[in-house]
Amino acid sequence: ATAMMAFGQETVRLTLEGAVDLARENNPIFLTTQNDEAASDWAMREAVSNLFIPTVTAFGQLGYRAPGVSRTGTITTGGVDQGSQYTSFYQLGASYTFDGNTLFGVSSAKADRSAAHARTEAAEFTMESLITLQYMTALRARDQVEVARRQVDRSIEDFEIAQARVDAQAAIITDAKQAQVQLGRDSVALLQSESALRVGTFRLLEAVG
């Protein structure tokens, strides 16, 4: 199969193994499923860490009061003139909880990870099957183009021979007309085969991603 044939660029040979490798790197459906597997791995690590690592909380607060006499709106409430004041407060805490939910979280995350791995394997199998099918379809379409092209060449020769026989009055004109009709049919078949090859190649590239 040729990857760049439809664009009129330099021909690039694409093997079946190469197509599958490209699909692993670019097929959006497979990559999405594989990304879910990575997320489940992180969830498993988090669930295991909850068994051993406590929860740590930190809190901090800063305050500032400008200098001057205390006021409520435009009314002075009395008192002496005070200077500026800075306040700060910090709190650090740690807690650890071990219960059934913690243990269940590990088993649940483990099951989710196994399911994600299974989905990835299934998606990879489906992708490889699709790539193989599209690849073989493109190869059959390419071979059909070659067969149709050879048939057109034979039809051209047959028409030239029939026309030469008619010119030499060795055959009737209907023989040349029949050969010309057959040439037209074979030419149409060649165009259809070339169209099928382009469609098959595009579908293969779409499956690759």
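Between the side chain of Asp186 and the main chain of Ala148, no donor-acceptor pair closer than 3.5 Å is present.
Considering Thr132, Thr137, Leu139 as possible partners of Tyr135, the one that fulfils the side-chain contact (heavy atoms from CB on, under 4.5 Å) test is Leu139.
Between Arg154 and Glu157, no side-chain nitrogen of the basic residue sits less than 4.0 Å from a carboxylate oxygen of the acidic one, so the salt-bridge criterion is not met.
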Derivation of the side-chain contact (heavy atoms from CB on, under 4.5 Å) call for Val152 and Arg149: CA-CA 5 Å; Val152 169; Arg149 185 173 290 116; 5.7 Å; no
Arg150 vs Asp153, salt bridge (charged side-chain N to carboxylate O under 4.0 Å, His left out): CA-CA, chis, key distance, verdict: CA-CA 5 Å; Arg150 288 196 296 268; Asp153 293 338; over 6 Å; no
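Distance check, rounded to the nearest 0.5 Å: CE of Met127 to CZ of Arg24 gives 5.5 Å. Rounded to the nearest 0.5 angstrom, Gln134 CD and Phe202 CZ are separated by 13.5 Å. Between Ile173 atom CD1 and Asp167 atom CG the span is 9.0 Å, to the nearest 0.5 Å. Distance CG/Asn27 to CD/Glu128: 11.0 Å, rounded to 0.5 Å. Note that CE of Met136 and CZ of Arg140 are 6.5 Å apart. Values are rounded to the nearest 0.5 Å. Between atom CD of residue Gln34 and atom OG1 of residue Thr120 there is a gap of 6.5 Å, rounded to the nearest 0.5 Å.
Scanning all heavy atoms of the two residues, the minimum distance from Val145 to Ser193 falls at CG2-O, 3.3 Å. Between Leu197 and Ala138, the shortest heavy-atom contact is CD1-O, 3.6 Å. Of all heavy-atom pairs between Ala19 and Ile131, the closest is CB-CG2, 3.8 Å.
Cluster annotation: Leu16 is connected to Phe30 through the hydrophobic network of ILVMFWY side chains, with a link wherever side-chain heavy atoms come within less than 4.5 Å. There is no path of hydrophobic side-chain contacts, each under 4.5 Å, that joins Ile161 to Val166. Leu204 is not connected to Leu133 by any chain of hydrophobic side-chain contacts under 4.5 Å among Ile, Leu, Val, Met, Phe, Trp and Tyr, and they are in different clusters.
A heavy-atom distance below 4.5 Å is found between the side chains of Leu191 and Glu194. Leu62 places a side-chain heavy atom less than 4.5 Å from the side chain of Tyr90. The shortest distance between side-chain heavy atoms of Lys177 and Gln180 falls below 4.5 Å.
By the 6.0 Å contact criterion, CD1 on Ile29 is open, its count of non-hydrogen atoms from other residues, nucleotides or ligands being 12 or less. Atom CD of Glu206 has 12 or fewer heavy atoms from other residues, nucleotides or ligands within 6.0 Å.
With sequence neighbours excluded, no residue forms a salt bridge (Lys or Arg N to Asp or Glu O under 4.0 Å) with Arg165. Checked against salt bridge (Lys or Arg N to Asp or Glu O under 4.0 Å), Asp143 has no partners two or more places apart in sequence or in another chain. Partners of Arg185 under the salt bridge (Lys or Arg N to Asp or Glu O under 4.0 Å) rule, at least two apart in sequence or in another chain, do not exist in this structure.
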